[in-house]
Number of protein chains: 4
Amino acid sequence: MEQAIPKRKKWIIEAAVAAFAQKGFHLTSMREIAKSAAVAIGTLYHYFDSKEEMLNDILRAEIDVLQRALAEITQSNRSAKEQIDAVLQLCFARLAKDKSLTKLIFCEKVIAHDKFRDNFRSLQDTIISHLQKIITRGIAKGEIARCNPSLVAALIMGAITVMVGKIVDTEESSEGINQHEVAQQLHNLLWQGLTTKLNPAFT
Amino acid sequence: MEQAIPKRKKWIIEAAVAAFAQKGFHLTSMREIAKSAAVAIGTLYHYFDSKEEMLNDILRAEIDVLQRALAEITQSNRSAKEQIDAVLQLCFARLAKDKSLTKLIFCEKVIAHDKFRDNFRSLQDTIISHLQKIITRGIAKGEIARCNPSLVAALIMGAITVMVGKIVDTEESSEGINQHEVAQQLHNLLWQGLTTKLNPAFT
Amino acid sequence: MEQAIPKRKKWIIEAAVAAFAQKGFHLTSMREIAKSAAVAIGTLYHYFDSKEEMLNDILRAEIDVLQRALAEITQSNRSAKEQIDAVLQLCFARLAKDKSLTKLIFCEKVIAHDKFRDNFRSLQDTIISHLQKIITRGIAKGEIARCNPSLVAALIMGAITVMVGKIVDTEESSEGINQHEVAQQLHNLLWQGLTTKLNPAFT
Amino acid sequence: MEQAIPKRKKWIIEAAVAAFAQKGFHLTSMREIAKSAAVAIGTLYHYFDSKEEMLNDILRAEIDVLQRALAEITQSNRSAKEQIDAVLQLCFARLAKDKSLTKLIFCEKVIAHDKFRDNFRSLQDTIISHLQKIITRGIAKGEIARCNPSLVAALIMGAITVMVGKIVDTEESSEGINQHEVAQQLHNLLWQGLTTKLNPAFT
DNA sequence: GATGAATGAGGTTTCATTCAT
DNA sequence: CATGAATGAAACCTCATTCAT
């Protein structure tokens, strides 16, 4: 059984994720996080070594989950199309679960900075490399049209990133972007371009 | 004849652009910029009101150029396909001209922050709205397959952003991403999905 | 029991009062105050929001005491002469208690500046308006010779201010101004001019 | 014939006097003075060695005039009463001529600071010492009631200072303090207290 | 004389982090 | 475990002053 996460650590993580997602890493102070989490500043340092490690720890936990899910998808026997669809679904499921945290994982630029641990690879790069692998194999099997896998992978990643940013930022406004529609459209768009099939009947 | 920009202001801009692009806005100090520009700190404040205004001023000058070019494209009589191609070419031409500055314009997140002037719209949003307009008209004219213009516009923008980030970050390494190839691939990818034409022989 | 003021806050107040009184607000730096109070600069900002608020807070606490004492005097049933005497005694008692702080309260000009909170009225104005009220009633009751209450009030205030300045500035020198004599002389001087006695034909 | 003062120097003096009187020495920058005088910053340093010397020079010129006038009054054969009246008239005449400059001369505290030249004595001290001399002789001649000359001199000075401050600060408001009335009232007040005579017929 | 771009020391203030309670 | 007062390095920015034009 996993050891339970102390309630204070939970509070801190929630407060930090919300603040980082809204104002960014550098414009969020430890004092703000402590206040918003209703704990003392010192308590932050019981659970995290530093401000940077705090972001690092929070992200890594989530990213590990995603990376494991990505690996599972890539290693499966499904077709390239199904695998890419699975990646899209994975991302949008993550978004549905927690918008702020998802924004952090996908968009926060600080995580790529030198100061962070070397063994930390941005999620963007990870997703791109998985997609690249899937596409490469898809081309080899004739499931996907010939293209530069690296570029197409980046293209897909870019689309996901922009979508996440847009959806999170318009959360409070009543613009009401429909996540399911977004996923569907992205799917259609990609597969009209990626499939070798002619598109006689466009839905 | 336009008034010449003082050499020191030029130095400062170059130093600031390089530093902001490499380390980000918050991790770059005015002292570093001054040192790297070989001027005194006070000189920075002779040409710019504050650190934020410095980024603001630098970006706005370039963004204005891009926005005017975008408007010209959108208002032309060309087909939707040609207009979208023109947008892509515009972005990649910008990139070819100055990688650091382009990264700043496309990727720096600070520019969207509240502290910045209200009348400042991020370039991403501008490009997206132009693309959206082009796509909407393209659909009406039957030049483009039916889709959600807002989403497709964001997708294209996402692709551009990721590409720019990737190309700039791999600049020093010898990976040597070929810009022309990137533009070409992106073009192909998009038009296989956007065109209503069947693609009988895709190589 | 009142909550105890932390010793460090006390140190800071003492150091600030001494420095402001000796060199004035603008020529005193936070660094100096911190050093002289034997605390870190950051500690100053733990107890005060800013340099200006520091002066503001220090002054307001003392001024509130004086204002309450002034109100009590003005509302009492005593004669106008006794009330004015009480005001003089109040001022000189304050001076005896703490010369530097008294100088600050009576003489520092910065407190009247726009940057300070609007609800802050200089002690000078407060004393003047109290004196004016006392004099006006004294005239009505025939206890005081006819005069312009506003001007006479200002005159008395001026005398007090100059005295305070002189006494504090000659503190270290051996000129040894006797405070009790000063108060007595000022009393005589005023009442030879303000009383209706002995002046049978004063219009 | 005195050499004519260059127009630019005049502009600078006017701008500086206005700014110093309104905002005080420390809160007025050389840039502001230059701008308000419509000259370049460098020009300020053609006419004055430094910001402090600028205030110094401006004040000294006016103070010299006042000191010479004071000396003339003190050395005259007139009665003590007439001499004190003359001092009051001198001050109020100065005020009528130029309110801002007068406020500076009488009220600006910086001029007493160490950084200023040693041979600079504040006008307050000068007037006080002149008054003290007049009062001492007046007592000896029986023209003035027995009192502590030093204190009474300071009292008179205090009254003048407060009056000047009040009049200048209420200049823009429509409160309309009448200078002539002020002078008259101050005269009356003092002489009812200083004279040994009962005041049968007060002129 | 007149200019104002350039300087850089020094100002106020912030904030991640520590540690005695 | 939890606290928050205390720290001090370093940030942004101001401004009196200089000097080449």
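The structure presented is a predicted model; accordingly, all values stated were derived computationally and were not measured. Residue numbers start from 1 in every chain, and the chains themselves are labelled A, B, ... in the order their sequence lines are given, proteins ahead of strands.
Rounded to an integer number of Å, the gap from OH of D/Y45 to P of F/dA20 is 17 Å. One interatomic measurement links the two molecules: NZ of C/K51 to P of F/dC13, which rounds to 19 Å at whole-angstrom precision. Regarding D/D49, its CG atom lies at a distance of 13 Å from the C1' atom of F/dT18, rounded to whole Å. Between the C1' atom of E/dT12 and the CZ atom of C/F20 lies a distance of 12 Å, rounded to the nearest Å. One atom, CD of A/E32, and another, C1' of E/dT14, lie 12 Å apart when rounded to the nearest Å. We find that NZ of C/K7 is positioned 11 Å from C1' of E/dA20, with the value rounded to whole Å. For the pair D/H26 NE2 and F/dT14 P, the computed distance is 19 Å after rounding to whole Å. One atom, CE of B/M30, and another, P of E/dG8, lie 16 Å apart when rounded to the nearest Å.
For the pair D/Y47/D/D57, no side-chain contact is recorded, criterion being any heavy-atom separation below 4.5 Å from C-beta on. Contact check for C/M54 versus C/F20: side-chain heavy atoms found under the 4.5 Å cut-off.
Judged by distance alone, with hydrogens and angles left aside, the side-chain atoms of B/K23 form no donor-acceptor pair with the main-chain N or O of B/T28 at under 3.5 Å. Side-chain N or O atoms of C/E32 include one that pairs as donor or acceptor with a backbone N or O of C/S29 at under 3.5 Å.
In summary, of the residues considered (D/L101, D/I105, D/I12), a side chain to side chain contact (heavy atoms under 4.5 Å, CB included) with D/I58 occurs for D/L101 alone.
When each of B/S50 and C/K9 is assigned the nucleotide of DNA chain F bearing its nearest heavy atom, the one mapping closer to the 5' terminus is C/K9. Nearest-nucleotide mapping onto DNA chain F: of C/A40 and C/R31, the residue sitting toward the 5' end is C/A40.
In this structure E/dT13 sits in a base pair with F/dA10, meeting the Watson-Crick or G-U test at under 3.5 Å. Pair assignment for E/dA20 gives F/dT3, based on Watson-Crick or G-U wobble hydrogen-bonding distances that are each under 3.5 Å.
When distances are taken from the side chain of B/V39 to each of E/dT7, E/dA16, E/dT13, the shortest belongs to E/dT7. Considering only side-chain atoms of C/R8, the nucleotide from F/dC12, F/dA6, E/dA6 that sits closest is F/dA6. With E/dG4, F/dG4, E/dA16 as the candidates, the nucleotide lying closest to the side chain of A/I41 is F/dG4.
Counting any heavy atom pair closer than 4.0 Å across all strands shown, D/Y47 reaches sugar-phosphate atoms only and no base atom.
One cannot find a donor-acceptor pair under 3.5 Å joining the base of F/dA5 and the side-chain atoms of C/H46.
The side chain of D/T43 contributes an N or O atom lying less than 4.0 Å from OP1 or OP2 of E/dT3.
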